[in-house]
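What you see below is based on every heavy atom in this structure, not just the backbone, and it leaves out hydrogens, waters and symmetry mates.
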Amino acid sequence: MNATRATREPHPEQHPEPTRTDRLLAALGGLVSAYVSLAVADVVSFWVRPEAGPVVAVGGTVVDRTPAAIKEWAIRVFGESDKTVLQLGILLILAVLALGVGLLALRHRLLGAAAVAAFGVLGALAAVTRPDSESAMDAVPSLVGGAAGALLLYVLTGRLLAPGPGVARADRRGFLVVAASTGLAATGAAALGRAVGSPVQENAATSRAALRLPRPTSPAPAVPAGAQLDVPGISPFVTPNRDFYRVDTALVVPKVDADHWHLRIHGSGVREERTVTLRELMARPVLERDITLNCVSNPVGGPYIGNARWLGVRLADLLREAGVRPPSEGGPADQLVARSVDGMTIGTPVETVMDGRDALLAFGMNGEPLPFTHGFPVRMLVPGLYGYVSACKWIESIELTTFDAYDAYWVPRGWAAQAPVKTQSRIDTPRAFARPAAGTVMIAGVAWAQHRGIRRVEVRIDDGPWQEARLAAEDGGDTWRQWVHPWSATPGDHTLTVRATDGTGTTQPEERTGTMPDGAQGWHSVDVTVKGG
């Protein structure tokens, strides 16, 4: 009997079978360890570089490797919140994995801690292999965070494991004290770090606040009084900066110190490589222009378009001074590749940039320095081209090359290498599914065909004849144009449709297409129900 009892006693080096409570606490330990790991990495990234944080680095890698169709779906569904949704998704996946690692650590303490450290290594690899990585220091936030999380999980798991037979299974109170105290400490440190701010970002904010925009050598004409129609619900002719759309891949908005910013111009056909600072750029002849900018991801009737008054210098002049000639003049380069500080590359036809249009390196937007979200200190924009082939934000270099030699970021992902803006129109009011009262209803909206202008807008009620709308005054061929049509609305369900004709006489085609590969097209329509009088 003694021998039988001996075989039932636990081995001195073994631990009793975990209880349900032990497993729950172990899973919680994995979650807390992962949270502390991310919080510590977040704090360290404030001092290294905010973009080097593990969630941002991994998220950026996910964005780069996500099929274009899924990105388009995310933009359609989540709009400008797509990046927030992505980061929440990454955190949710990490949380699930952390629960599993916590359970693993209950069985294999060292292996569980090693798994947390391994996640730190993966974050470090993602950070140093990003296109915007500046040095091996970008690995530090993830490595420090991973080490902190691994150590914490090892300590927490130890509280759940008895040192030997005859001893209470777990110091659960000690586990909860350690978990709560480290979690609170990490939260406090991260909150303090965000309150104090990153030195890199603080320097950038200071440089923007101190920047004084020069007076334009070539001011924009005053916006004609009739360019803004007095119709409730129509988009304002000038889009306020706070309302201007933002579509890009940056999970953390780059904040660049204007005092240290410079633009490098190099490549095929450049007589001598040159570098230009912001001060040197602003000392050149400055243009002020009203230009409408829109994203290729904008669906028919979509919101990703805005009109602003930009301040900058003519890009073509800078290129010619560097010896660049367009292909029509025998230049060897037909593509200009603009690179952003976050690693984004955008390819633009050299011929288009140098054909006389107001292609700008802009540093002002609606009377103030560019907001950080719109490319401070300098961005590029070319009227008549979609943003993904012209409007590089946070630009830091321009390389002259060819379309055969290099594919910019979006091209391998299924988008066209060249994409002039398509003629489009949109009904702003009444909104889809609106219920206006019978009587006179003002149908109004905007139409655009940058660098060609809008000649005519027509509206159709149900399957009736096309009726010409009244156009607002034209500010220029590079801006959108408002329009309005009074409708004698009768009770019942109706479909309102709009189409535009551009300055070349080309009318929008009826057939709708998606945004890929070079922008959506088709007539915009809305369904409304008119209430009886």
Side-chain angles (χ1 to χ4, degrees), residues 8-45 53-59 61-62 87-127 139-190:
R8 294 176 180 173
E9 291 178 358
H11 189 276
E13 296 180 0
Q14 293 179 335
H15 300 287
E17 185 67 22
T19 66
R20 181 181 180 184
T21 300
D22 292 333
R23 287 192 289 270
L24 288 173
L25 290 176
L28 176 64
L31 196 61
V32 172
S33 299
Y35 171 75
V36 169
S37 177
L38 292 176
V40 169
D42 195 38
V43 172
V44 177
S45 71
V55 174
V56 175
V58 172
T61 301
V62 171
Q87 293 185 76
L88 289 175
I90 291 173
L91 291 175
L92 179 61
I93 292 172
L94 285 175
V96 173
L97 292 174
L99 294 172
V101 168
L103 293 173
L104 172 67
L106 191 60
R107 292 286 188 180
H108 306 282
R109 189 179 179 191
L110 282 174
L111 189 57
V116 176
F119 284 124
V121 173
L122 289 176
L125 289 174
V140 172
S142 292
L143 292 178
V144 173
L151 177 61
L152 176 59
L153 183 60
Y154 188 82
V155 171
L156 288 175
T157 305
R159 296 285 181 174
L160 298 178
L161 298 175
V167 181
R169 154 157 290 284
D171 179 9
R172 292 169 179 163
R173 181 178 178 181
F175 172 94
L176 294 173
V177 168
V178 173
S181 59
T182 52
L184 289 173
T187 300

A.B. asks: Is there a donor-acceptor contact under 3.5 Å from the side chain of Thr157 to the main chain of Leu106?
C.D. replies: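 Side chain of Thr157 to backbone of Leu106, a donor-acceptor pair under 3.5 Å: no, none is there.
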A.B. asks: Report all side-chain donor-acceptor pairs from residues 176-188 shorter than 3.5 Å, counting only partners two or more places apart or in another chain.
C.D. replies:
{"unit_1": "Ser181", "atom_1": "OG", "unit_2": "Val177", "atom_2": "O", "d": "2.8"}
{"unit_1": "Ser181", "atom_1": "OG", "unit_2": "Val178", "atom_2": "O", "d": "3.1"}
{"unit_1": "Thr182", "atom_1": "OG1", "unit_2": "Val178", "atom_2": "O", "d": "2.7"}
{"unit_1": "Thr182", "atom_1": "OG1", "unit_2": "Ala179", "atom_2": "O", "d": "3.2"}
{"unit_1": "Thr187", "atom_1": "OG1", "unit_2": "Tyr35", "atom_2": "OH", "d": "2.4"}
{"unit_1": "Thr187", "atom_1": "OG1", "unit_2": "Gly183", "atom_2": "O", "d": "2.8"}

A.B. asks: Could you pull out the closest heavy-atom pair between Gly145 and Ser37, with the gap in Å?
C.D. replies: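 Reported closest heavy-atom pair: O-OG, 2.7 Å.
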A.B. asks: Taking side-chain hydrogen bond (donor to acceptor under 3.5 Å, both in side chains) as the cut-off, I'd like each qualifying pair that reaches into residues 106-125, sequence neighbours left out, listed once.
C.D. replies: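 Non-adjacent pairs meeting side-chain hydrogen bond (donor to acceptor under 3.5 Å, both in side chains): Glu17-Arg107.
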A.B. asks: Quick check for you: to the nearest 0.5 Å, what is the distance between Leu125 atom CG and Thr61 atom OG1?
C.D. replies: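 Spacing of CG (Leu125) from OG1 (Thr61) equals 10.0 Å.
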A.B. asks: Side chains of Val32 and Val36, heavy atoms from C-beta outward: is any pair under 4.5 Å?
C.D. replies: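 With C-beta onward as the side chain, the pair touches.
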A.B. asks: Restricting to side chain to side chain contact (heavy atoms under 4.5 Å, CB included), what partner residues turn up for Val144, sequence neighbours left out?
C.D. replies: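 Testing Val144 for side chain to side chain contact (heavy atoms under 4.5 Å, CB included), a comparison that skips the adjacent residues, returns Val40, Val44, Val140.
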A.B. asks: Could you pull out all residues at least two apart from Ala147 that satisfy side chain to side chain contact (heavy atoms under 4.5 Å, CB included)?
C.D. replies: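 Partners of Ala147 by the side chain to side chain contact (heavy atoms under 4.5 Å, CB included) criterion come out as none, since no residue qualifies.
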A.B. asks: Report the residues that fulfil side chain to side chain contact (heavy atoms under 4.5 Å, CB included) with Ala117, sequence neighbours left out, ordered by chain and then residue number.
C.D. replies: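 Expected list: Ala150.
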A.B. asks: If you round to the nearest 0.5 Å, how far is CZ of Arg172 from OG1 of Thr21?
C.D. replies: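 Separation between the atoms: 5.0 Å.
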A.B. asks: Could you check whether any side-chain N or O of Ser33 sits under 3.5 Å from a backbone N or O of Leu153, counting only pairs where one atom can act as donor and the other as acceptor?
C.D. replies: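 The answer is yes, because a donor-acceptor pair under 3.5 Å joins these two groups.
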A.B. asks: Applying side-chain hydrogen bond (donor to acceptor under 3.5 Å, both in side chains) as the test, list every pair that has at least one member in residues 89-100; sequence neighbours left out.
C.D. replies: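 Of all non-adjacent pairs touching residues 89-100, none passes side-chain hydrogen bond (donor to acceptor under 3.5 Å, both in side chains).
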A.B. asks: How long is the straight-line distance from OG1 of Thr19 back to CG of Leu160, given to the nearest 0.5 Å?
C.D. replies: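 Between atom CG of Leu160 and atom OG1 of Thr19 there are 8.5 Å.
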A.B. asks: Please report the interatomic distance CG(Leu99) to CG(Leu104), rounded to the nearest 0.5 Å.
C.D. replies: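 The CG atom of Leu104 is 12.5 Å from CG of Leu99, to the nearest 0.5 Å.
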A.B. asks: For the backbone of Ala39 and the side chain of Asp42, can you confirm whether one donor and one acceptor N or O come within less than 3.5 Å of each other?
C.D. replies: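 No; judged by distance alone, with no hydrogens or angles, the pair does not exist.
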A.B. asks: Among residues two or more places apart or on two chains, list those pairs meeting salt bridge (Lys or Arg N to Asp or Glu O under 4.0 Å) that have a residue in residues 93-103.
C.D. replies: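 Applying salt bridge (Lys or Arg N to Asp or Glu O under 4.0 Å) to every pair that reaches into residues 93-103, excluding sequence neighbours, yields nothing.
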A.B. asks: I need the minimum non-hydrogen distance between Tyr154 and Leu110, along with the two atoms involved.
C.D. replies: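 Reported closest heavy-atom pair: CE1-CD2, 3.5 Å.
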A.B. asks: Got Leu88 and Leu92 here, is their nearest side-chain heavy-atom distance under 4.5 Å?
C.D. replies: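 They are not in side-chain contact.
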A.B. asks: So, using side chain to side chain contact (heavy atoms under 4.5 Å, CB included) as the criterion, who are the partners of Ala115 when residues are at least two apart?
C.D. replies: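 By the side chain to side chain contact (heavy atoms under 4.5 Å, CB included) rule, Ala115 matches Val101.
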A.B. asks: Where is the tightest heavy-atom contact between Leu25 and Phe175, given as atom of each residue plus distance?
C.D. replies: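 For Leu25 versus Phe175, the nearest heavy atoms are O-CZ, 2.9 Å.
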A.B. asks: Taking the side chain as every heavy atom from C-beta outward, state whether Leu94 and Val58 have any atom pair closer than 4.5 Å.
C.D. replies: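 The answer is no, as the side chains (C-beta and beyond) never meet within the 4.5 Å cut-off.
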A.B. asks: Which heavy atom in Pro54 sits nearest to a heavy atom in Leu38, and how many Å separate them?
C.D. replies: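 Here Pro54 and Leu38 meet closest at CG-CD2, 4.0 Å.
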